[in-house]
S.K.: 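Before anything else, here's the structure in question.
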Amino acid sequence: MTNELLQDLEWRGLLYQQTDAEGMTKLLDEQSVSLYCGVDPTADSMHIGHIVPLLTLRRFQKAGHRPILLVGGATGMIGDPSGRSEERQLQTVEQIDKNVQGIRSQLERIFDFAEDGNGAQLVNNRDWIGNINTIEFLRDYGKLINVNYMLAKDTIASRLDTGISFTEFAYTLIQGIDYNHLYNHYNCRIQVGGSDQWGNITTGLEVIRKTHEQETKAFGITIPLVTKADGTKFGKTAGGAVWLDSKKTSPYEFYQFWINAADADVVKYLKIFTFLSREEIEALAVSVEEEPHLRKAQKTLAEEMTRLIHGQEALDQAIRITAALFSGDLKALSADEMKDAFKDVPSIELAKEDKNIVDLLVEAGISPSKRQAREDVTNGAISVNGEKVTELEYVIDGKDRLEDAFSIVRRGKKKYHMVKFV
């Protein structure tokens with residue numbers, strides 16, 4: 001069963017580096033194990049780039065192993081130098097605690113936390129790192145790792161020209177203490193991380209080796225960096241990162257990110273991010289090749305991911321908004337849904353007063369002139385909140401102001417504007 005799991009991970013492109021692959025396979029064949037992945041609370045939400053190692057951990061859980069989810073309440077106060085060319089800005093303890101709570105709620109959506117069996121366990125490394133004083137740290141752990149060993153780490157070597165503080169220099173050792181603690185107290189045998197975590201994982205293995213007299217069996221796996229076929233960075237949109245927090249990236253925006261995946265990327269994303277079977281993904285791959293216009297793979301990807309992160313109700317709402325925009329029939333949408341759907345369309349502020357439709361079209365810059373505005377109205381090219389307006393005498397008033405604050409005006413089939421009334 002475990003061999004099948006590792007084979008599945010390889011097929012999905014989720015295995016990048018492994019320590020002692022043969023030994024790890026033997027361990028997984030013989031028993032159910034505990035394994036962990038860490039997330040530092042540098043923000044109050046994760047984004048989609050964070051979840052690839054976590055989803056990999058969830059695959060282990062589905063195969064009968066126990067995931068340990070480490071939220072770095074201690075390491076988050078320092079900052080991982082991995083992948084950075086300069087020092088992080090330190091955050092307050094209060095902000096980190098707030099971030100921990102935000103991340104905790106997102107992890108609870110992805111994992112099964114059942115109390116019996118192999119339910120996930122959530123730990124915070126401040127619970128043990130916070131109890132170590134400076135002398136203990138230097139005496140008990142600083143002696144374990146040679147400076148030359150640390151300088152050979154890519155994450156540290158890449159910062160030597162621009163400079164690295166002792167704080168960030170020590171980060172890899174502190175993460176090594178984490179792995180050692182979990183090995184001792186949770187029988188944790190495998191650490192999973194992104195490709196940038198290889199140096200930290202191997203430091204942990206070194207700490208475990210040097211603090212145990214008996215032979216140790218601990219391992220590490222890294223996941224490759226997810227890239228797009230065109231070479232651009234994955235997980236970014238024009239508005240920035242795609243967050244798991246619905247207040248930062250709404251479920252509709254989240255759904256749209258996935259449904260807009262390129263044909264060249266969508267099968268790869270299905271393998272990495274969804275729990276669909278190999279047979280299901282291969283069938284969707286055939287659809288991409290033979291009937292790409294149907295976008296079955298993209299729709300499946302968007303549905304699976306939105307349901308996983310935001311739940312069925314949010315998925316239903318995202319599908320409803322998408323269908324309304326495609327058809328142009330906005331009447332089924334609530335004011336909040338309209339605000340969400342049209343947050344990125346051109347907008348203008350006008351005084352909150354009753355206004356003739358022609359005057360509004362010109363003042364808002366929707367039609368270039370009064371003559372054109374009159375033609376647009378009489379030709380049926382103008383809709384307000386999904387209702388077609390064809391009378392030149394029509395007045396935009398309170399009945400047209402959603403939440404008494406805005407109206408959505410469409411000119412033609414696809415040109416939407418948000419008019420905000422102040």
S.K.: Decide yes or no for Arg410 and Ile382: does some side-chain heavy atom of the first lie under 4.5 Å from some side-chain heavy atom of the second?
M.R.: no

S.K.: Does Phe406 have Arg401 sitting over its ring (NZ/CZ under 6.0 Å from centre, angle to axis within 45°)?
M.R.: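 Ring-cation test returns no.
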
S.K.: Can we call the ring centroids of Phe273 and Phe234 under 6.0 Å apart?
M.R.: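 Yes, ring centres under 6.0 Å apart.
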
S.K.: List the atom of Thr19, the atom of Gly220, and the distance in Å for their closest heavy-atom pair.
M.R.: OG1-N, 2.8 Å

S.K.: Side chains of Leu57 and Ile68: closer than 4.5 Å at any heavy-atom pair?
M.R.: no

S.K.: For the residue pair Asp178 and Trp128, establish whether any side-chain heavy-atom pair is separated by less than 4.5 Å.
M.R.: yes

S.K.: Does the distance from a Lys or Arg side-chain N to an Asp or Glu carboxylate O, for Lys26 and Glu22, drop under 4.0 Å?
M.R.: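 Result for this pair is no, no salt bridge flagged.
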
S.K.: To the closest 0.5 Å, what do you measure between CZ (Phe113) and CD (Gln121)?
M.R.: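 Phe113 CZ to Gln121 CD: 9.5 Å, rounded to 0.5 Å.
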
S.K.: Kindly give the heavy-atom pair with the smallest separation between Gly398 and Asp354, and that separation in Å.
M.R.: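 Heavy-atom minimum between the residues: N-OD1, 4.3 Å.
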
S.K.: Run the side chain to side chain contact (heavy atoms under 4.5 Å, CB included) test on Leu284 and Val267 for me, step by step, so that the C-alpha distance in whole Å, both residues' side-chain angles and the decisive distance to 0.1 Å come before the verdict.
M.R.: CA-CA 8 Å; Leu284 289 168; Val267 175; 5.9 Å; no

S.K.: Any idea which heavy atoms bring Pro224 and Gly13 closest together, and the distance?
M.R.: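 Taking every non-hydrogen atom into account, CG-O, 3.1 Å.
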
S.K.: Taking Gln298 for the side chain and Ala261 for the main chain, is one N or O donor matched with an acceptor at less than 3.5 Å?
M.R.: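 A pair under 3.5 Å: yes.
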
S.K.: Does the Asn125 side chain pair with the main chain of Gly73, one donor and one acceptor, at a distance under 3.5 Å?
M.R.: yes

S.K.: Do Asp316 and Gln312 get their side chains close enough for a donor-acceptor pair, meaning under 3.5 Å?
M.R.: yes

S.K.: Mind checking the CH2-CG spacing from Trp11 to Asp8? Nearest 0.5 Å is all I need.
M.R.: 7.0 Å

S.K.: Is there a side-chain contact between Ile129 and Ile174 in this structure, where contact means two heavy atoms from C-beta onward sitting under 4.5 Å apart?
M.R.: yes

S.K.: Hey, are Thr274 and Glu304 close enough side-chain-wise for a donor-acceptor pair under 3.5 Å?
M.R.: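 There is no such pair between these side chains.
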
S.K.: Would you indicate whether the side-chain heavy atoms of Leu54 and Val39 approach each other to under 4.5 Å?
M.R.: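 Yes; the side chains approach each other to less than 4.5 Å.
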
S.K.: Identify whether NZ of Lys or CZ of Arg in Lys388 sits under 6.0 Å from the centre of the six-membered ring of Tyr394 and within 45° of that ring's axis.
M.R.: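 Cation-pi check for Lys388 and Tyr394: fails.
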
S.K.: Run the ring-ring contact (aromatic ring centres under 6.0 Å, His included) test against Tyr255 and tell me which residues pass, sequence neighbours left out.
M.R.: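 In terms of ring-ring contact (aromatic ring centres under 6.0 Å, His included), with neighbours along the sequence ignored, Tyr255 is linked to no residue.
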
S.K.: Applying side chain to side chain contact (heavy atoms under 4.5 Å, CB included) to Leu270 and Trp258, what does each step give before you reach the verdict?
M.R.: CA-CA 10 Å; Leu270 285 166; Trp258 297 106; over 6 Å; no

S.K.: Are Leu55 and Leu308 side-chain neighbours, meaning at least one heavy-atom pair lies under 4.5 Å?
M.R.: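 Side chain of Leu55 against side chain of Leu308, heavy atoms only: contact under 4.5 Å found.
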
S.K.: Using modelled atom types and a 3.5 Å cut-off, is there a donor and acceptor pairing between side-chain atoms of Glu253 and backbone atoms of Ser250?
M.R.: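 Yes; at least one donor-acceptor contact below 3.5 Å.
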
S.K.: Are Leu301 and Ile259 close enough, and set up right, to give a side chain to side chain contact (heavy atoms under 4.5 Å, CB included), and what steps lead you there?
M.R.: CA-CA 7 Å; Leu301 175 65; Ile259 207 167; over 6 Å; no

S.K.: Any donor and acceptor pair, going by atom type alone, linking the side chain of Asn356 with main-chain N or O of Leu392 inside 3.5 Å?
M.R.: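 Confirmed, Asn356 side chain pairs with Leu392 backbone.
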
S.K.: Does the Gln175 side chain pair with the main chain of Thr75, one donor and one acceptor, at a distance under 3.5 Å?
M.R.: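 It does not hold such a pair.
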
S.K.: Rounded to the nearest 0.5 Å, what separates atom CG in Asp230 from atom CG in Asp265?
M.R.: 6.5 Å

S.K.: For Ala264 and Ala229, which heavy atoms make the closest approach, and how far apart are they?
M.R.: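 Here Ala264 and Ala229 meet closest at CB-CB, 3.7 Å.
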
S.K.: Hey, does Leu5 have a side-chain heavy atom less than 4.5 Å from the side chain of Phe60?
M.R.: yes

S.K.: Got a sec: does the NZ of Lys247 have more than 12 other heavy atoms crowding it under 6.0 Å?
M.R.: no

S.K.: For the CD atom of Glu108 and the CZ atom of Arg104, what is their distance to the nearest 0.5 Å?
M.R.: 7.0 Å

S.K.: Output yes when a side-chain donor or acceptor of Lys217 lies under 3.5 Å from a complementary backbone atom of Gly23, and no otherwise.
M.R.: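 No, the answer is negative, given that no donor and acceptor are paired below the 3.5 Å cut-off.
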
S.K.: Taking NZ in Lys248 as the centre, count heavy atoms belonging to other residues, nucleotides or ligands within less than 6.0 Å. Is the count above 12?
M.R.: yes

S.K.: Under 3.5 Å, is there a donor-acceptor pair between the side chain of Asn124 and the main chain of Asp127?
M.R.: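 Flag not set: sc Asn124 to bb Asp127 has no pair under 3.5 Å.
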
S.K.: How long is the gap from SG on Cys37 to CZ on Phe111, to the nearest 0.5 Å?
M.R.: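 Cys37 atom SG to Phe111 atom CZ measures 7.5 Å (nearest 0.5 Å).
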
S.K.: For residues 269-281, which residue pairs qualify under salt bridge (Lys or Arg N to Asp or Glu O under 4.0 Å), counting only residues two or more places apart or in two chains?
M.R.: Arg278-Glu282

S.K.: Do any N or O atoms from the side chain of Thr249 and from the backbone of Ser246 form a donor-acceptor pair under 3.5 angstrom?
M.R.: no

S.K.: Please report the closest heavy-atom contact between Leu225 and Ser195, naming both atoms and the distance.
M.R.: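 Answer, listing the atom of Leu225 first, then Ser195: N-OG, 3.8 Å.
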
S.K.: Which residues pass the ring-ring contact (aromatic ring centres under 6.0 Å, His included) test with His417, not counting sequence neighbours?
M.R.: none

S.K.: Determine the minimum heavy-atom distance between Pro41 and Ile103, stating which atoms define it.
M.R.: CA-CD1, 3.5 Å

S.K.: Testing the 3.5 Å rule here: is there a donor-acceptor pair between the side chains of Gln317 and Arg320?
M.R.: no

S.K.: Keeping Asp359 on the side-chain end and Lys355 on the backbone end, is there a donor-acceptor pair under 3.5 Å?
M.R.: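 Looks like no, no N/O pair under 3.5 Å.
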
S.K.: Is there a donor-acceptor contact under 3.5 Å from the side chain of Thr378 to the main chain of Glu375?
M.R.: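 Yes.
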
S.K.: Under the side chain to side chain donor-acceptor pair (under 3.5 Å) criterion, do Arg58 and Gln61 qualify, and how do the steps go?
M.R.: CA-CA 5 Å; Arg58 179 70 171 116; Gln61 184 178 31; 2.9 Å; yes

S.K.: Give a yes or no on whether the ring-centroid distance for Trp198 and Tyr16 is below 6.0 angstrom.
M.R.: no

S.K.: Should we count NZ of Lys352 as having more than 12 external heavy atoms under 6.0 Å?
M.R.: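 Yes.
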
S.K.: Decide side chain to side chain contact (heavy atoms under 4.5 Å, CB included) for Gln18 and Met24; before the verdict, give the C-alpha distance in whole Å, the side-chain angles of both, and the deciding distance to 0.1 Å.
M.R.: CA-CA 9 Å; Gln18 301 176 65; Met24 181 167 53; 3.1 Å; yes

S.K.: May I ask you to decide whether Asp44 forms a salt bridge with Lys98, counting only side-chain N to carboxylate O separations under 4.0 Å?
M.R.: yes

S.K.: Find the distance between CZ (Phe421) and CG (Asp397) and round it off to the nearest 0.5 Å.
M.R.: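 The CZ atom of Phe421 sits 9.5 Å away from the CG atom of Asp397.
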
S.K.: With a 3.5 Å cut-off and no angle check, do the side chains of Ser367 and Asp376 form a donor-acceptor pair?
M.R.: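 Yes, side-chain donor-acceptor contact under 3.5 Å.
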
S.K.: Side chains of Gln91 and Thr42 only: does a donor on one sit below 3.5 Å from an acceptor on the other?
M.R.: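 Looking only at side-chain atoms, Thr42 and Gln91 do not form any donor-acceptor pair under 3.5 Å.
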
S.K.: Compute whether any side-chain donor of one residue and acceptor of the other, for Thr203 and Glu206, lie under 3.5 angstrom apart.
M.R.: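 No donor-acceptor contact under 3.5 Å links the two side chains.
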
S.K.: Is there side-chain contact between Trp243 and Met46, with at least one heavy-atom pair below 4.5 Å?
M.R.: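 The answer is no; the side chains never approach within 4.5 Å.
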
S.K.: Just checking, any donor-acceptor pair under 3.5 angstrom between side chains of Asp400 and Ser407?
M.R.: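 Ser407 and Asp400 do not have a side-chain donor-acceptor pair below 3.5 Å.
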
S.K.: Testing Gln191, Arg189, Arg66 for side-chain hydrogen bond (donor to acceptor under 3.5 Å, both in side chains) with Tyr36, which one passes?
M.R.: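 By the side-chain hydrogen bond (donor to acceptor under 3.5 Å, both in side chains) criterion, Tyr36 pairs with just one of Gln191, Arg189, Arg66: Gln191.
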
S.K.: Is the count of non-hydrogen atoms from other residues, nucleotides or ligands lying under 6.0 Å from Glu291 atom CD greater than 12?
M.R.: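 Result for CD/Glu291: enclosed.
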
